[in-house]
Engineer: 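One structure follows; several queries about it will come next.
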Amino acid sequence: LRPSDYAKLIAEFNMTGQVSVEQASYTPSGVPVTLIGSPMMQQDMILFDVIEQSGGYVALNGTENGERTLPAPLDRRTAREDPITTLADAYFGSIPDAFRRPNSGLYQWMKKEIGKRGIRGVILRRYVWCDTWSAEAHRMSEWLDVPFLHLDVSDDHGDSIRTKTRLQAFIEMLK
């Protein structure tokens with residue numbers, strides 16, 4: 001599946017509890033980037049397509065609806081012995097996020113995944129009113145070993161001329 005299709009499936013599942021899709025083969029091309037930050041609404045999924053049209057692809061979806069927020073795998077043995085603690089650890093103990101204190105788990109997760117996937121740039125996408133991700137932008141740009149783009153969006157959902165131009169310039173720089 002294309003990253004935009006995958007993101008739409010997650011949104012569909014969150015809304016309906018069901019997924020209806022025919023899987024098509026997809027081979028990514030372009031510059032691998034990480035997209036991280038605020039939750040994405042259904043209409044925001046166009047950002048994945050804008051990134052691809054600019055010459056990149058989202059190799060790591062670190063948004064609130066992406067793989068960053070998936071719980072850790074459950075250990076069946078400990079789940080049988082102590083299900084509540086096992087679930088709490090999987091959800092509250094392993095999901096890295098900007099709001100956690102300390103939030104070093106977010107940076108450790110990013111460093112590991114960026115290296116493993118050959119990521120060449122990071123795009124922090126946040127709503128203009130999202131203070132948590134705004135506060136992380138400076139630290140993230142200093143901490144990362146790859147180029148960083150702080151992309152703030154409001155009602156444009158990632159398809160405004162300004163956003164498209166910034167993404168095109170960023171990905172062109174990464175090439």
Engineer: Should Thr63 and Asp44 count as side-chain neighbours, where that means a heavy-atom distance under 4.5 Å?
Structural biologist: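 No, every pair of side-chain atoms sits at 4.5 Å or beyond.
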
Engineer: Ala59 and Ile119: which non-hydrogen atoms are nearest, and at how many Å?
Structural biologist: CB-CD1, 3.6 Å

Engineer: Can you see which heavy atom on Ile36 is nearest to which on Trp133, and at what distance?
Structural biologist: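 Heavy-atom minimum between the residues: CG1-CH2, 3.9 Å.
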
Engineer: Taking only residues two or more places apart in sequence, or in another chain, which ones meet Lys112 in a salt bridge (Lys or Arg N to Asp or Glu O under 4.0 Å)?
Structural biologist: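 With sequence neighbours excluded, Lys112 shows a salt bridge (Lys or Arg N to Asp or Glu O under 4.0 Å) to no residue whatsoever.
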
Engineer: What is the minimum heavy-atom distance between Thr132 and Ala98, and which atoms define it?
Structural biologist: CG2-CB, 3.7 Å

Engineer: According to the salt bridge (Lys or Arg N to Asp or Glu O under 4.0 Å) rule, which pairs have a member within residues 127-143, sequence neighbours left out?
Structural biologist: Arg101-Glu136

Engineer: Are Val122 and Leu149 packed together at the side-chain level, in the sense that at least one heavy-atom pair is separated by less than 4.5 angstrom?
Structural biologist: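 Val122 vs Leu149: side chains apart.
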
Engineer: Got a sec, which residues hit salt bridge (Lys or Arg N to Asp or Glu O under 4.0 Å) with Arg76, two or more places apart in sequence or on another chain?
Structural biologist: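 Partners of Arg76 by the salt bridge (Lys or Arg N to Asp or Glu O under 4.0 Å) criterion come out as none, since no residue qualifies.
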
Engineer: Can you confirm whether Gln53 sits close enough to Phe48 that some side-chain heavy atom of one is under 4.5 Å from a side-chain heavy atom of the other?
Structural biologist: no

Engineer: Nearest 0.5 Å please: distance from the CG atom of Asn65 over to the OG atom of Ser38.
Structural biologist: 10.0 Å

Engineer: So does Glu67 pair up with Arg117, basic N to acidic O under 4.0 Å?
Structural biologist: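 Yes, Glu67 and Arg117 are salt-bridged.
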
Engineer: Within the 4.5 Å heavy-atom criterion, are Thr34 and Val58 side-chain neighbours or not?
Structural biologist: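 Of all side-chain heavy-atom pairs linking Val58 with Thr34, none is under 4.5 Å.
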
Engineer: On a heavy-atom basis, which atom in Gly118 and which in Pro32 lie closest, and how many Å separate them?
Structural biologist: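 Answer, listing the atom of Gly118 first, then Pro32: O-CG, 3.3 Å.
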
Engineer: Using a 3.5 Å distance criterion without hydrogens, assess whether the side chain of Ser94 forms a donor-acceptor pair with backbone atoms of Ala72.
Structural biologist: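 Indeed, once roles are kept as given, a pair shorter than 3.5 Å links the two residues.
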
Engineer: May I have the step-by-step check of side-chain contact (heavy atoms from CB on, under 4.5 Å) for Lys175 and Val31, ending in yes or no?
Structural biologist: CA-CA 7 Å; Lys175 289 182 178 179; Val31 179; 3.7 Å; yes

Engineer: Roughly how far, to the nearest 0.5 Å, is NE2 of His138 from CZ of Phe148?
Structural biologist: 10.5 Å

Engineer: Would Met41 and Tyr127 count as a side-chain contact (heavy atoms from CB on, under 4.5 Å) here? Give the steps.
Structural biologist: CA-CA 11 Å; Met41 307 303 163; Tyr127 290 109; 3.5 Å; yes

Engineer: Report yes if the side chains of Ile114 and Leu144 come closer than 4.5 Å at any heavy-atom pair, otherwise no.
Structural biologist: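 Yes, side chains in contact.
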
Engineer: Take Leu35 and Tyr57 through the test side-chain contact (heavy atoms from CB on, under 4.5 Å) and record every step on the way to the result.
Structural biologist: CA-CA 9 Å; Leu35 182 62; Tyr57 73 95; over 6 Å; no

Engineer: Just how far is it from atom CZ of Arg77 to atom CG of Leu74, taken to the nearest 0.5 Å?
Structural biologist: 13.0 Å

Engineer: Determine, step by step, whether Ile123 and Leu167 satisfy the side-chain contact (heavy atoms from CB on, under 4.5 Å) criterion, reporting the C-alpha distance in whole Å, the side-chain angles of both residues, the deciding distance to 0.1 Å, and the verdict.
Structural biologist: CA-CA 9 Å; Ile123 301 164; Leu167 283 168; 3.6 Å; yes

Engineer: Under 4.0 Å between a side-chain nitrogen and a carboxylate oxygen: does that hold for Arg125 and Asp152?
Structural biologist: no

Engineer: Indicate the atoms forming the closest heavy-atom contact of Gly121 with Leu174, along with that distance.
Structural biologist: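 Shortest heavy-atom separation between Gly121 and Leu174 comes out as CA-CD1, 4.0 Å.
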
Engineer: Between Met40 and Met45, is any pair of side-chain heavy atoms under 4.5 Å apart?
Structural biologist: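 Contact flag for Met40/Met45 side chains = yes.
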
Engineer: Are Leu47 and Leu151 side-chain neighbours, meaning at least one heavy-atom pair lies under 4.5 Å?
Structural biologist: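 Yes, close enough: below the 4.5 Å cut-off.
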
Engineer: Could you measure the distance from the CD atom of Glu172 to the OG atom of Ser54? Nearest 0.5 Å is fine.
Structural biologist: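 Reported value, rounded in 0.5 Å steps: 10.0 Å.
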
Engineer: Hey, could you give me the CD/CE distance between Gln168 and Met173, rounded to the nearest 0.5 Å?
Structural biologist: 14.0 Å

Engineer: Thr86 versus Pro83: any side-chain heavy-atom pair under 4.5 Å?
Structural biologist: no

Engineer: Quick check against the 3.5 Å criterion: does Arg68 have a side-chain atom that pairs as donor or acceptor with the backbone of Met110?
Structural biologist: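 Pair absent, no side-chain N/O of Arg68 close to backbone of Met110.
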
Engineer: Could you state the interatomic distance from CG (Asp97) to CH2 (Trp109), rounded to the nearest 0.5 Å?
Structural biologist: 10.0 Å

Engineer: Quick check: closest heavy atoms across Met140 and Leu106, and the distance to 0.1 Å?
Structural biologist: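 Scanning both residues, the minimum pair turns out to be CE-CD2, 4.2 Å.
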
Engineer: Does one side chain, of His150 or Arg126, offer a donor that lies under 3.5 Å from an acceptor on the other?
Structural biologist: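 There is such a pair (donor and acceptor under 3.5 Å, judged by atom type) between the side chains of His150 and Arg126.
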
Engineer: Would you find a donor on one side and an acceptor on the other, under 3.5 Å apart, between the side chain of Thr78 and the backbone of Asp75?
Structural biologist: yes

